[in-house]
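Letters A, B, ... mirror the listed sequences (proteins, then strands); counts begin at 1.
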Amino acid sequence: MYALVDCNNFYVSCERLFNPQWEKKPVIVLSNNDGCAVARSEEAKAIGIKMGAPEFMIKDMIREHGIVVRSSNYTLYGDISGRVMRTLSTFVPRIELYSIDEAFLDLHDMPHYDLQQLALKIKRVVGQCVGIPVSIGVAPTKTLAKMANRYAKKNMRDIGVFYPQTEEQMYAMLQFTAVEDIWGVGGQYAAMLRSNGFNTAADLRNAPDDWIRQHMTVVGERLLSELRGIAAIEWEFETPKKKNICTSRSFGKLLTEKKDIREALSTYASRCAEKLRKQDSCCKTVHVFLHTNGFRTQDKQYSVAIDIKVERATNDTGTIVKYASKALDIIFKEGFNYVKCGCIVMDLVPADCIQNTLFGSNDNTKRKKLMKAVDGINKATGVKDTVRMAVQGFSKVYAMRCDYLSKRFTTNINEIKLIK
DNA sequence: TCTGGGGTCCTAGGACCC
DNA sequence: TCTGGGGTCCTAGGACCC
C-alpha cells in the first residue's frame, strides 16, 4: 500500500505559520517576480482567484476582498518542507520525496487493518510538530493514492484522510474523479479522452488496452494498470541525480544592455555550477537562452538559444561562467527589450570519472579546493553570492521584483520572529 | 507597467552505418 | 514501372508533473 501525503496550500500554510492572524483570511502567494498566484488559501479560492492568475489582472479582487499577498520565499518553504519530511520519516521505513510539499510513504509492512488509523495519526503529529495541515490518501498504487488524496481534500475536509477499503468506496472515488484530474492526464489527453466518451476515471479504467496504447503510448498503458490497482510506477527511494540543471529568471524590468544581461547570466551560470557540485556532477554542455517578452505585442521579438560543448567536463564556476558569457556574445543582438535569460547545464557525468583532455594541464586540484571554499563560505553565511565572480557585479539591475517578501524566519538569525 | 521556474519521459524521424 | 534490409544514435517536439 502507498500513502500520498500532500501539504494543503503549502506556501500559504508556511506563511500562516508565522502570521497566525492570517488564518481564515484569503491569502495568496505569488510566483517569482510577483508574477502569478501560485498558491491560494481556501478563502482565496472561494473568492475566485484562479491558479496562475497574473497579479496585475486580479488587483481589483485583491483590494476589494482584502486578500493578503506574499512573494515567494523559497528559503522558508524549503526549510519547512524538510521538517515535514523528517516528521513523516519517523512513521515508516521508507519514504519517497516527490516534491516540495508531497511524499509517498511505503506502507507495505504495516498491519493492513490499521492504515486508516495510522494515516490519521500521521496527520495529527505533523500538525502538532510542524504546524502544517496535510491530507493523506491511501491506496494500492501511486496513481490511486494521489486520487484518494484529492478525494480526501474535496469530500472529507474535516478528516483529511481517505482510504477506500471496499469496492463501493473505490468505485465512488473513480466515478468522482474526472479524467483531467487523474495524475498523468493533462489538458491534451483529457480533451482527447472526453471526445471519445471517457469522462471519469471509472470510464477510463474499463477502456480497451490496445486503444489506449495507440492513443496514449506506454504512458497510457501504465496509467490503466495503476487505475486497476496493479502498481506500474516504481518506488524511487533515493533521489536520482538530475540529468539537466537549469537556472533562469525573468528580469525585474526589461533589459536592453548586454552588460546587465551578462551580470544576470553569470549569476545563473554560477548557480548551475553550485548545483552541479552539490550532486557531484560535471557537465559537458552549457546551454544559454535569451528572449524578449512575447506578451508585449508592441515590441520586436527575438528568441535565441545556443549549446556550447565544453572541452573537458566541468563543475567549476569560473569555467561555466566563461562559457555562458561566450555564448551571450554570440547570441546577443542590440535593439531588443529582453525579459529573460537562463543557463542549462547538460550531458552530466559523475565528477569522479572525467575524461581528461589530450593536451594541456589536467591538474585542477587548486580549483577544486577553491570551489569547496567558496561553497563553504556561501553556505555558512546563508547568502549564495557572498563570494562571487567579478563579472556578476553588484548592480543587480536585473533583480526580481518581490514586494511582499516575508522574513526567513527559520534559517537566518537576523530574521527570526520577535515575540516582544 | 505588470504574465514563474525547473524538471522528466516518450516518440518520430533523420543521419549514419554495414 | 521498377530503387534492400536492418540496425543505432541523436534531436526536436510533445506530453506530463509540481
(request) Can you figure out which of C:dC18, B:dC2, B:dT8 approaches the side chain of A:R296 most closely? (result) B:dC2
(message) How many whole angstroms separate atom OH of A:Y98 from atom C1' of B:dG7?
(response) 10 Å
(message) Is the ring pair A:F237/A:W235 parallel, tilted or perpendicular, if the boundaries are 30 and 60 degrees?
(response) parallel
(request) Could you check which of B:dC2, B:dG5, C:dA15 has an atom nearest any side-chain atom of A:Y189? (result) C:dA15
(message) Using the side-chain heavy atoms of A:F295, tell me which of these nucleotides is nearest: B:dC9, B:dT3, B:dG7.
(response) B:dT3
(message) For C:dC10, give the paired nucleotide (Watson-Crick: N1-N3 plus N6-O4 or O6-N4; G-U: N1-O2 and O6-N3; both under 3.5 Å), or none.
(response) B:dG13
(message) Starting the side chain at C-beta, find the nucleotide from B:dC10, B:dT8, C:dC18 nearest to A:V218.
(response) B:dC10
(request) Determine the sole option in A:K384, A:K278, A:R277 for which the salt bridge (charged side-chain N to carboxylate O under 4.0 Å, His left out) test with A:D375 is passed. (result) A:R277
(message) Measure CG/A:D34 against P/B:dT3 and give the value in whole Å, please.
(response) 11 Å
(message) Distance check needed: B:dT8 P versus A:W183 CH2, whole Å only.
(response) 15 Å
(request) Respond yes when some side-chain nitrogen or oxygen of A:R401 is under 4.0 Å from OP1 or OP2 of B:dT1, and no when none is. (result) no
(request) Under 4.0 Å between any heavy atoms, over every strand shown, what does A:G187 touch: base, sugar-phosphate, or nothing? Just pick one. (result) sugar-phosphate
(request) Tell me whether the OP1 or OP2 atom of C:dC18 has a side-chain N or O from A:K146 closer than 4.0 Å. (result) yes
(request) Would you kindly check if the NZ (Lys) or CZ (Arg) of A:K142 is within the cone defined by 45 degrees around the ring axis of A:F104 and under 6.0 Å from the six-membered ring centre? (result) yes
(request) Remember a base hit wins even if backbone is also touched, and classify A:D101 as base, sugar-phosphate or nothing at under 4.0 Å, heavy atoms. (result) sugar-phosphate
(message) Which label fits A:H291 and A:F289: parallel for a plane angle under 30°, tilted from 30 to 60°, or perpendicular past 60°?
(response) parallel
(request) Report the nucleotide, chosen from B:dC9, B:dT8, B:dT3, that has the shortest atom-to-atom distance to any side-chain atom of A:C36. (result) B:dT3
(request) Taking only the side-chain heavy atoms of A:Y74 (C-beta and beyond), determine which of B:dC2, C:dC16, B:dG4 contains the nearest atom. (result) B:dG4
(request) In whole angstrom, give the distance that lies between atom CD of A:Q298 and atom P of B:dT3. (result) 11 Å
(request) Could you state the atom-to-atom distance from CD of A:Q188 to P of B:dC10 in whole Å? (result) 19 Å
(request) Please tell me which of the listed nucleotides, B:dG7, B:dC2, B:dT8, lies nearest to the side chain of A:K59? (result) B:dC2
(message) Is there a side-chain contact between A:N33 and the phosphate of B:dC2, meaning an N or O under 4.0 Å from OP1 or OP2?
(response) no
(message) Take a 6.0 Å sphere around CD of A:E238 and say whether it holds more than 12 heavy atoms from other residues, nucleotides or ligands.
(response) no
(message) Let's see if you can work this out: which of C:dC18, B:dT3, B:dC9 has an atom nearest to the side-chain heavy atoms of A:V339?
(response) B:dT3
(message) Without decimals, in angstroms, what is the distance between A:I344 CD1 and C:dA12 C1'?
(response) 14 Å
(request) Using the six-membered ring of A:F176, assess whether NZ or CZ of A:K154 lies under 6.0 Å from its centre and within 45 degrees of the ring axis. (result) no
(request) In whole angstrom, give me the gap between the P atoms of C:dC18 and B:dT3. (result) 25 Å
(request) Return the nearest nucleotide to the side chain of A:C246; candidates are B:dT3, B:dG7, B:dC10. (result) B:dG7
(request) Starting from P on C:dC17, measure out to CD on A:E96 and report it in whole angstrom. (result) 16 Å
(message) So, does A:S248 get its side chain near the phosphate of B:dG4, meaning an N or O under 4.0 Å from OP1 or OP2?
(response) no
(message) Regarding A:S72, tell me which of base, sugar-phosphate or nothing describes its non-hydrogen contacts under 4.0 Å with the strands shown.
(response) nothing
(request) Only one of A:N244, A:D307, A:D347 passes side-chain hydrogen bond (donor to acceptor under 3.5 Å, both in side chains) with A:T285; say which it is. (result) A:D347
(request) Report the distance from atom CZ of A:R213 to atom P of B:dC10, rounded to the nearest whole Å. (result) 10 Å
(request) State which of B:dC2, B:dT3, B:dC10 makes the closest approach to the side chain of A:P54. (result) B:dT3
(request) Could you say whether A:T247 or A:T217 is positioned toward the 5' end of DNA chain B, judged by the nucleotide with the nearest heavy atom to each? (result) A:T247
(message) Applying a 4.0 Å non-hydrogen cut-off, can you work out what A:K243 is touching in the nucleic acid: base, sugar-phosphate, or nothing?
(response) sugar-phosphate
(message) At 4.0 Å (heavy atoms only), tell me whether A:I233 reaches a base, stays on the sugar-phosphate, or touches nothing.
(response) nothing
